[in-house]
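A note on names: the letters A, B, ... follow the listed sequences, proteins ahead of strands, and every chain is numbered from 1. Side-chain atoms are counted along with the backbone in the values below, which use heavy atoms only and exclude waters and symmetry mates.
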Amino acid sequence: MNLDLSEYKKDFPIFQRKVRGGNSLVYLDSAATSQKPTAVIEAESNFYRTINAAVHRGAHLLAEEASDAFEMSRSNVASFIGADSSEVVFTKSATESLNIIAYSLGNPDSRINIKSGDQIVVTEMEHHANLIPWQQLAKRTGASLSWLSFTEDGRIDLSNIKDVINSKTKIVAVTHQSNVFGTILPIDEISKAARAVGALVVLDACQSAPHFPINVKELDVDFLAFSGHKTLGPTGIGVLWGKHQLLEKLEPVVFGGSMVDSVTMTGATWASAPRKFEAGVPNMAQAVGLSAAIDYLRSIGLNNIAEYEHELTKYLLEGLASMSGIKVIGPLDLKDRGGVISFTVDGVHPHDVGQVLDQYGIAVRTGHHCAWPLMRKLKIAGTTRASFHLYNNREDIKQLIDGIEKVKSYFKVAK
Amino acid sequence: MNLDLSEYKKDFPIFQRKVRGGNSLVYLDSAATSQKPTAVIEAESNFYRTINAAVHRGAHLLAEEASDAFEMSRSNVASFIGADSSEVVFTKSATESLNIIAYSLGNPDSRINIKSGDQIVVTEMEHHANLIPWQQLAKRTGASLSWLSFTEDGRIDLSNIKDVINSKTKIVAVTHQSNVFGTILPIDEISKAARAVGALVVLDACQSAPHFPINVKELDVDFLAFSGHKTLGPTGIGVLWGKHQLLEKLEPVVFGGSMVDSVTMTGATWASAPRKFEAGVPNMAQAVGLSAAIDYLRSIGLNNIAEYEHELTKYLLEGLASMSGIKVIGPLDLKDRGGVISFTVDGVHPHDVGQVLDQYGIAVRTGHHCAWPLMRKLKIAGTTRASFHLYNNREDIKQLIDGIEKVKSYFKVAK
Amino acid sequence: MELDSLYQEVILDHYRSPHHKGLSDDKDIQVHHNNPSCGDEITLNLKVQEGKVSDISWDGVGCSISMASASVMSDLLIGKTFREANVIFEAFMELMQSKGRSDGDESLLEDGVAFAGVSKFPARIKCALLSWMAFKDAAIQVME
Amino acid sequence: MELDSLYQEVILDHYRSPHHKGLSDDKDIQVHHNNPSCGDEITLNLKVQEGKVSDISWDGVGCSISMASASVMSDLLIGKTFREANVIFEAFMELMQSKGRSDGDESLLEDGVAFAGVSKFPARIKCALLSWMAFKDAAIQVME
Ligand SMILES: Cc1ncc(COP(=O)(O)O)c(C=O)c1O
Ligand SMILES: Cc1ncc(COP(=O)(O)O)c(C=O)c1O
């Protein structure tokens, strides 16, 4: 291996535990959620231990320090994705981020909004979080939902893009990297098609932001969402980024304290973005934890992480290719591909694959991975999915390959 | 003092720090957010250190343990408020909880919903979080918003309750305890009036659940919301409780993974409550932290905490009464009153009061406390507010009283 | 190995050669159930005659546990009165909730006792219950 | 004491006896601004003549810092050309962002340098800026 990130694994306390059968933990489920380094866990607890107070409302020192820490986290997230601080909204999750955009665009008071007859475009490989909010927006407004499909090997099918993204299209909401196939989508081509018809582009960066460098300006998108918990950060925090001039045109979605400009019994006016999208006492400790996660990722280098995961992906794809009865669901080559590898084992249901692997301490995900329409299209019940982060290594992959052999022999599948 | 809870203060690490001017921290801002005991901080970090995994989706041991811990937290929260587990939804905050109810009741697909001509009733002392969501619901649906007012001394005015809560009324949304006056509202009388006309009752328990025992069955309400962070728990978590048969009739609000029964490209059906209200990978570590907070509160006893805060309240009210130029905004007596005391200092703006107190390490809140309409009605710009939790003591109150004297002399206000 | 208590031979046999799989045309009611967390699905046909479960047939995709459970359940319930079926249903539920502390009543559950080990794997209990829940739903609907 | 750097005598004097407080009828534009986090409010009347700030009058409720700042600002800007007013505005902004590291240019800011200490109290900067932001808004609107 050219790049060696093995020194970092010790920063993640969970790897000190033993799992079923006294095995060491081989964690291959980072696409679901990532593990957390000590620096993140301590940033969150130190917030509580030293500066805990409600932000933005305070006339006292703790409130000032908490507000500072919260806003510093915002700047840090902004610089992580090449954005301005005023464009970063803290949410509870990527799911909430995507729902907020969909609700706000569905509000007739927003100065850009979706109307009956408009069209929303997604892809057939979206995670439910970037599909159902749009289905519901379409339902509420009388808009229609169309989608780009995918090819046999799990790449986006752009052959009919000019038909799908057409003059009626107002929103194109796509994933940056499929959480099933591992495919990285050609956002530039999709954005270009959207720009040509004046549609907004919403990017689900859940599987990209944690793994390789992204820059909202270079991506040329309008909104972007990702989760803290997949980015080595705490649970309970997500990010919504939107271009400032767009956020200013949108109505808020969650209403309450700290998001107003003025309130009477009969009505209220709003603060400017991002504040108007953050009602209530926010998830302050989690924002601070996410900021620590970003510092940690940057100290290693997102490019290094991407390269390292690329090598792990290569190694696993080669290993799986050498086995019989294994079908990779997604690209077999390494082009535009992240460290998420789905596969099926002939004659063994994914749930049973996962169960046997678990017995050897290997944690994978099985099922439809919240991309049920994708599975339906492939006519499969689900896949077994291995996904990486920087704390994985070749040994993990060896164990997985050995584990799959054990699955096959346990279920007496022909060698 | 009859009851002594002073031994518990050492459980809260923040009190080891020094604040401005090298002073010890006198934290009197628990109505904004509470401090956290070590048990809570560690429950949250131990989740990350030992069992961190995405819940509900897992075929591996960590996912199983994380799901167990998450669901155990749910049962614990349920038993804390006398509810069933299937009735407890984890949200990001009380603000989100209240918004979810309002959005769901505004969805025409919900089997109970608000229509044009219906009426929503709130009070004039609501926190913005229990006011603006209803204003917006009224706006979306064409319903109207009415309110119960309050008396001079900050008690709810029920004199015209039969007019306000009438045959058009479908929802009555009220606070359990005012975050400005400290008044505890007579929920039984309000519920009775609502029941008489078949209206639903939504209770904002942000200021009650953390301080005295509550039981949703005895309260006879339909929905209830409170925040983790005011209940000694983590930031980034809130609770929405709803009667099971009502939750089953309501459409979900946030859409994504783990809340579905089935999904195709064109539509989706929902899981049952509470799952359908919890889209995405939830705030798992925070749920576990909140559960630890509840254990901690119960180990001391909510009745003891209430009694203890009652004594502190008495002591402060007496102290303030003995000073000139101080006006308590809220009941002067102790009947149905919690540990939240608002006051004004003649000739000194609350922000300046807070600033001087801060100089002596005393953290209070100043301003409108997200209850701007209340301030407008009283024709004041804001108040200075001291609010307690179990870690406060008589010494804190002495310091506050001394501090107020210093404020008066600093601003040369007549003695 | 712990795994063997989950995947008993009886289960794997039923999985490889499931009984009553393939939907028969002759039915009083059809129900479709799924397990949204893993995507497993079952369609179940129920036929009733004189207060008895006269036939069950089913089709579906799912893991060994869910498919074997449908097979075992069909064997167990066909020919039973609804009262008898309910006793068996309750016994199976109890077994699933036993956290590995019960062996199950073999006189009642027959091959069903092979699922005793499943109760130690919380994530798999819903697999074992998929077909049983479908049956219960069908039975309730047919009664109405 | 740290507090004295915030509450300079000049500030407290302006607070107790504010200048140009009380809205005059003669105005070209009126704006209303508030500080949503604490509820402070200001209404500001601006009158313009020959490219000059010919009059400012204001009313409002707020803390000593916000009210004194409105008073000092009115003194400073009345009679200035908009170009001059803008230079003063920018100098005050810079002072507020100085985190206590600047004393301010007294030849430009006069009594305004008393607010230097405010820049060490992040939560109070927006108090000091309330009236200035209202002025800026009014000036932009009057230009349009
Ligand atoms: C009475 C009341 N309701 C609602 C809220 C909102 O709670 P949160 O900000 O935690 O969502 C608060 C606290 O800010 C409150 O005091
Ligand atoms: C591609 C993709 N989009 C959206 C989500 C939703 O993220 P979260 O559950 O953190 O809200 C996920 C992960 O679950 C994902 O993989």
Side-chain angles (χ1 to χ4, degrees), chain A residues 13-14 17 19-20 29 32-33 35-36 41 45 48-50 52-54 57 59-62 92-93 95-96 99 124 127-129 132-133 135-136 147 229 234-237 254-257 260 263-265 267-268 279-281 283-286 351 354-355 358 363 365-366 370 372-373 376, chain B residues 13-14 17 19-20 29 32-33 35-36 41 45 48-50 52-54 57 59-62 92-93 95-96 99 124 127-129 132-133 135-136 147 229 234-237 254-257 260 263-265 267-268 279-281 283-286 351 354-355 358 363 365-366 370 372-373 376:
Chain A
I14 204 163
R17 74 164 282 185
V19 286
R20 234 190 277 280
D29 196 16
T33 199
Q35 295 304 337
K36 327 296 177 199
I41 302 171
S45 21
Y48 298 130
R49 283 183 214 280
T50 58
N52 176 65
R57 302 182 187 179
H60 57 78
L61 182 71
L62 292 185
K92 71 172 174 178
S93 63
T95 299
E96 191 194 18
N99 276 272
E124 209 170 355
H127 187 280
H128 295 163
I132 311 179
Q135 290 178 346
Q136 292 289 318
W147 53 89
H229 70 91
T235 61
I237 184 133
V254 183
F255 306 97
V260 299
V263 186
T264 66
M265 282 310 286
V281 174
N283 39 7
M284 304 169 295
Q286 292 73 43
H351 214 154
Q355 191 78 56
D358 182 43
R365 181 114 317 195
T366 64
C370 298
W372 213 334
R376 291 187 201 274
Chain B
I14 204 162
R17 73 164 282 185
V19 286
R20 234 191 279 279
D29 195 15
T33 199
Q35 296 303 337
K36 328 296 178 198
I41 302 171
S45 21
Y48 298 129
R49 285 182 212 279
T50 59
N52 175 66
R57 303 181 185 178
H60 56 80
L61 181 70
L62 292 185
K92 71 171 174 179
S93 62
T95 300
E96 192 194 17
N99 276 272
E124 209 170 355
H127 187 279
H128 296 163
I132 312 179
Q135 290 179 344
Q136 292 289 317
W147 52 89
H229 70 91
T235 61
I237 184 132
V254 183
F255 305 96
V260 299
V263 185
T264 66
M265 282 310 287
V281 173
N283 38 6
M284 305 169 293
Q286 291 73 43
H351 214 155
Q355 190 78 55
D358 182 43
R365 181 115 316 196
T366 64
C370 298
W372 213 333
R376 291 186 200 276

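- Closest heavy-atom contact between His60(B) and Ala363(A): CG-CB, 3.4 Å.
- Interface remark: Arg49(B) contributes backbone and side-chain atoms alike to the contact with chain A (heavy atom separation under 4.5 Å).
- Rounding to the nearest 0.5 Å places CD of Gln286(A) at 4.0 Å from CD of Gln286(B).
- Interface remark: Glu124(B) contributes backbone and side-chain atoms alike to the contact with chain A (heavy atom separation under 4.5 Å).
- Under the 3.5 Å distance criterion, the side-chain polar atoms of Ser45(B) are left unmatched by any main-chain donor or acceptor of Ile41(A).
- The part of Asn99(A) that comes within reach of chain B is its side chain, from C-beta onward, which places non-hydrogen atoms under 4.5 angstrom from that chain.
- Between chain B and the options Ala129(A), Pro373(A), Gly236(A), Pro234(A), the largest number of non-hydrogen pairs under 4.5 Å is found for Pro373(A).
- Contacts between Leu62(B) and chain A at a heavy-atom distance below 4.5 Å involve the side chain alone, from C-beta outward.
- Proximity to chain A (any heavy atom under 4.5 Å) is restricted, for Gln136(B), to the side chain, taken from C-beta onward.
- What you find for Asp358(A) and Leu61(B) is that their closest heavy atoms are OD1-N, 2.9 Å.
- Across every non-hydrogen atom of Gly257(B) and Cys370(A), the tightest pair is CA-SG, 3.8 Å.
- For the set Pro133(A), Ala279(A), Gly354(A), Ser93(A), the entry with the most heavy-atom pairs within less than 4.5 Å of chain B is Pro133(A).
- Most heavy-atom pairs under 4.5 Å with chain B, from the set Asn52(A), Val281(A), Ile237(A), Thr95(A): that is Asn52(A).
- Judged purely by atom type and a 3.5 angstrom limit, Arg376(B) uses its side chain to pair as donor or acceptor with the backbone of Val263(A).
- Among Lys36(B), Met284(B), His127(B), Met265(B), the residue with the largest count of heavy-atom pairs under 4.5 Å with chain A is Met265(B).
- With a 4.5 angstrom heavy-atom cutoff, Arg17(B) touches chain A only via side-chain atoms.
- To the nearest 0.5 Å, atoms OH (Tyr48(A)) and CD1 (Ile14(B)) are separated by 11.5 Å.
- Looking only at heavy-atom pairs under 4.5 Å with chain B, the residue among Val254(A), Asn283(A), Val260(A) that has the most is Val254(A).
- Nearest heavy atoms, Ala285(A) versus Thr235(B): N-OG1, 3.3 Å.
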